[in-house]
Amino acid sequence: MSRRTAIKTGAVLLGLTLTSCTGEPDPAPSSAAVSTTPTPTGPSATFAFGTASQPLGLDPALANDVESQRVTRQVLEGLVGVDQTTGEPTPLLATEWTESADGRSYTFTLRPGITFHDGSPFNAQAVCTNFERWFHFSEAIRKQAAGTTFKGVFKEHSDQASLSVFKACTALSPRLVRIDLTERFTGFLQALTLPAFAVSSPKALAAGRADVLNLRRGSQVLSAYATHPVGTGPFRFSAWDSTSVTLVTNKDYWGDRGQIGTIHFITYDHPQTRLQALIDGKIDGYDAVTVGNFDQLVKRGKQIIQRDPFSVMYLGMNQAVPVLADLKVRQAVELAIDKDTLIRRFFIDNTTQASQFVPPKLSGFNNNAPALGHDPDKAKDLLAEAGYKGAPLKFYYPMNVTRPYLPTPEKVFAEISRQLTAVGFNIRPVPVDWSDGYLQKVQSPGDHAFHLLGWNGSYADADNFLTPLFGEKNGEFGYQDAQVFSKIDRARGLPDGKDRTEQYQTINAQIAATVPAVPIAFPISALALSDRVLSYPASPVLNEVFTKVQLRP
């Protein structure tokens, strides 16, 4: 059987060192994923899910990695949710909203009778406390944190208030809140669906000194709050130790609580150990199926659910490294890379080549974006024209991790390194354990010439891909194109329609022509599930809340 065997497909998208941090008593973990029959008192099944790495932190405003968000999506909620089928904004903590005629003000009606897990009330003031916190993050916090989202969406924080899209949050009444913007932002509602904009309990933020990052957990520096998040979601935080995170059902949840009473997110940082745990019945499912796992899962008759592609994997280049400031050198890099070989060997079938950073499903994708193709001889010629004399170039890549967009980083690195070396580049490998701050190292100014990374889309708008990556100069790429920055600013404020689509197509073509990074693939990602699971809410934007997992009787 090949990897082309018929598989279920996920929803289609349109348009101080801590070893354990415990809140509520931790339910004793079982050696196997055992289900109990639901009772009238509420969900009672135990569900174990294998993850590829430990979360980098559980404060969603300061950690944007997949494993952190997988947990916080269960514990916290935002004003706006995501429709599983269309990807469109849908009511969550806000039941409805209105937009002003000029697109610069949104008024939200909040769901009544909601309390946070700590018993404090959810209301308009709580919403504003969160927005004001995000807006006022200091530069020091932003440098320390694993990953902040606010600036990527709203452009600036309070220290550059005149440049920020966010202006103010006003509690008009306990159930009515208005958010004012400095300019029209077409993707605003969709941006609010991001896990980073989930609403935390103000009481818990204060008690956990959420803006004081002084607790060390592995290589991460966190606040006390980031080890015990408090939201309004269907699950409450219970415990986080060196191998797992445990959540328990929120008995006071306003919505459907589903069948699961306890979730154990258990870390297996190697694909084969995740596979074996599923076969042995220790877990009910796991994410990040790799090519190496795929055939074994099919032969054993395990369920595999594929998500529609909504991420891009790329080779990053840093123009702050003098050699890479030369366009001819960056073009040589693109010409050296054999994307077909990489995709065929290391990605699940139906993964497609990328020539730009916006996936084909989104308006703004440009069918005619320039691509140089694979031509090693031409790459050598360009390097000679550029006068490259073999200066060593550091190539960072992550170890001991699997990402939805990068299933086997070590193998992908080895092949790309081989291809670059073949045309004359002098590559110096720099392996960095994912949990040892890989993201911070490659997204901050530094000596990284090349690095492997990807971007998983979180909402259905080209802006979600282009603004965070290329909307301003950053430490990841050292990219400086004032014209592109200006065009992105303009496009995100245009109303949906032909003009906006054409603007994004132009931007995509311009980015492709200057090669600030090499997009390689729009990867298919997949989950493996035991027979116990009847259905799983697979989502291209990873909005997978476990109340929607259905278990067999």
Side-chain angles (χ1 to χ4, degrees), residues 59-62 64 72 76-81 89-116 118 120-139 141-142 145 148-208 210-211 223 225 229-233 458-459 463 467 492-493:
D59 179 350
L62 294 177
N64 62 9
T72 62
L76 300 102
E77 299 171 304
L79 296 177
V80 183
T90 188
L92 196 55
L93 288 179
T95 57
E96 59 184 4
W97 49 82
T98 58
E99 178 184 354
S100 64
D102 63 3
R104 296 186 181 188
S105 180
Y106 290 78
T107 302
F108 296 87
T109 301
L110 305 183
R111 197 174 294 277
I114 306 295
T115 58
F116 291 103
D118 59 7
S120 58
F122 166 75
N123 52 30
Q125 188 54 58
V127 173
C128 287
T129 296
N130 278 264
F131 267 93
E132 290 296 328
R133 177 195 177 218
W134 305 328
F135 183 48
H136 288 284
F137 277 149
S138 68
E139 185 178 358
I141 288 176
R142 303 197 300 265
T148 56
T149 300
F150 186 91
K151 185 175 180 179
V153 171
F154 294 103
K155 297 194 334 189
E156 283 294 348
H157 290 266
S158 58
D159 48 7
Q160 295 285 335
S162 63
L163 302 177
S164 179
V165 175
F166 174 78
K167 183 178 182 181
C169 179
T170 305
L172 303 174
S173 73
R175 286 191 54 211
L176 211 59
V177 62
R178 187 183 71 233
I179 298 173
D180 296 313
L181 309 177
T182 58
E183 59 190 55
R184 181 187 291 274
F185 174 24
T186 303
F188 174 65
L189 287 173
Q190 289 182 310
L192 288 189
T193 67
L194 292 169
F197 302 128
V199 182
S200 294
S201 159
K203 178 181 176 182
L205 289 172
D211 296 342
S223 70
Y225 178 77
V230 179
T232 60
S458 299
Y459 59 92
D463 179 68
T467 295
R492 70 203 311 257

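Within the 4.5 Å cutoff, no side-chain heavy atoms of Thr170 are placed close to those of Val177. Put simply, the side chain of Leu76 does not reach to within 4.5 Å of the side chain of Val199, judged on heavy atoms. Contact annotation: the side chain of Phe122 never approaches that of Ser201 to less than 4.5 Å [non-hydrogen atoms, C-beta and beyond]. Considering only heavy atoms from C-beta on, Val153 comes within 4.5 Å of Phe185 through its side chain. In this structure, the side chains of Phe154 and Leu181 come closer than 4.5 Å at one or more pairs of heavy atoms. With contacts defined as side-chain heavy-atom distances shorter than 4.5 Å, the pair Phe116/Pro202 qualifies. Using a 4.5 Å heavy-atom threshold, the side chains of Pro229 and Asp59 count as separate. Within the 4.5 Å cutoff, side-chain heavy atoms of Leu172 are placed close to those of Thr107.
In terms of heavy-atom proximity, Ala191 sits nearest to Phe197 at O-CD1, 3.2 Å. Pro60 and Thr72 make their closest contact through CB-OG1, 3.8 Å (heavy atoms, listed as atom of the first residue, atom of the second, distance). Closest of all the heavy-atom pairs between Gln190 and Pro89 is CG-CG, 3.6 Å. Closest non-hydrogen pair, Ala101 versus Arg184, comes out as O-NH2, 3.4 Å. Pairing each heavy atom of Tyr225 with each of Ser200, the nearest pair is OH-OG, 2.6 Å.
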Walk me through it: do Asn64 and Leu194 pass the test side-chain contact (heavy atoms from CB on, under 4.5 Å)?
CA-CA 10 Å; Asn64 62 9; Leu194 292 169; over 6 Å; no
Taking it one step at a time, do Glu183 and Lys167 satisfy salt bridge (Lys or Arg N to Asp or Glu O under 4.0 Å)?
CA-CA 9 Å; Glu183 59 190 55; Lys167 183 178 182 181; over 6 Å; no
Going through the checks in order, is the side-chain contact (heavy atoms from CB on, under 4.5 Å) test met by Arg104 and Thr182?
CA-CA 6 Å; Arg104 296 186 181 188; Thr182 58; over 6 Å; no
Under the side-chain contact (heavy atoms from CB on, under 4.5 Å) rule, what do Thr109 and Leu176 come out as? Steps first, then yes or no, please.
CA-CA 5 Å; Thr109 301; Leu176 211 59; 3.5 Å; yes
Would you check, one step at a time, whether the test ring pair (Phe, Tyr, Trp, His ring centres under 6.0 Å) holds for Phe150 with Phe131?
CA-CA 9 Å; Phe150 186 91; Phe131 267 93; 7.4 Å; no
Mind running side-chain contact (heavy atoms from CB on, under 4.5 Å) on Ile114 and Thr232 for me, showing each step along the way?
CA-CA 7 Å; Ile114 306 295; Thr232 60; 3.8 Å; yes
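A donor-acceptor pair under 3.5 Å links the side-chain atoms of Ser138 to the main chain of Ile141, judged by distance alone. Panel note: side chain Arg175, backbone Leu110; a donor-acceptor pair is recorded below 3.5 Å. Between the side chain of Ser164 and the main chain of Phe166, a donor-acceptor pair closer than 3.5 Å is present. Remark: side-chain polar atoms of His157 are paired, donor with acceptor, to backbone N or O of Trp134 under 3.5 angstrom. A side-chain donor-acceptor contact under 3.5 Å links Thr129 to the backbone of Gln125. With hydrogens and angles disregarded, a donor-acceptor distance shorter than 3.5 Å links the side chain of Asn130 to the backbone of Ala126.
Of the charged side-chain nitrogens involved, at least one lies within less than 4.0 Å of a carboxylate oxygen, so that Arg492 and Asp463 count as a salt-bridged pair. By the 4.0 Å N-to-carboxylate-O rule, Glu77 lies too far from Arg111 to be salt-bridged with it. Lys151 and Glu139 are not joined by a salt bridge, as no carboxylate oxygen comes within less than 4.0 angstrom of a charged side-chain nitrogen. Between Arg133 and Asp211 there is a salt bridge, with a side-chain nitrogen of the basic residue lying less than 4.0 Å from a carboxylate oxygen of the acidic one. Taking the charged nitrogens against the carboxylate oxygens, Arg142 and Asp159 do have a contact shorter than 4.0 Å, which makes a salt bridge.
Residues Tyr106 and Thr98 have side chains that never bring a donor and an acceptor to within less than 3.5 angstrom of each other.
The distance from atom CG of Leu62 to atom OG1 of Thr148, rounded to the nearest 0.5 Å, is 7.0 Å.
Proximity of the aromatic rings of Tyr459 and Phe188 is defined here by a centroid distance below 6.0 angstrom, and this criterion is not met.
Listed by chain and number, the residues in a salt bridge (Lys or Arg N to Asp or Glu O under 4.0 Å) with Arg178 are Asp180 (sequence neighbours excluded).
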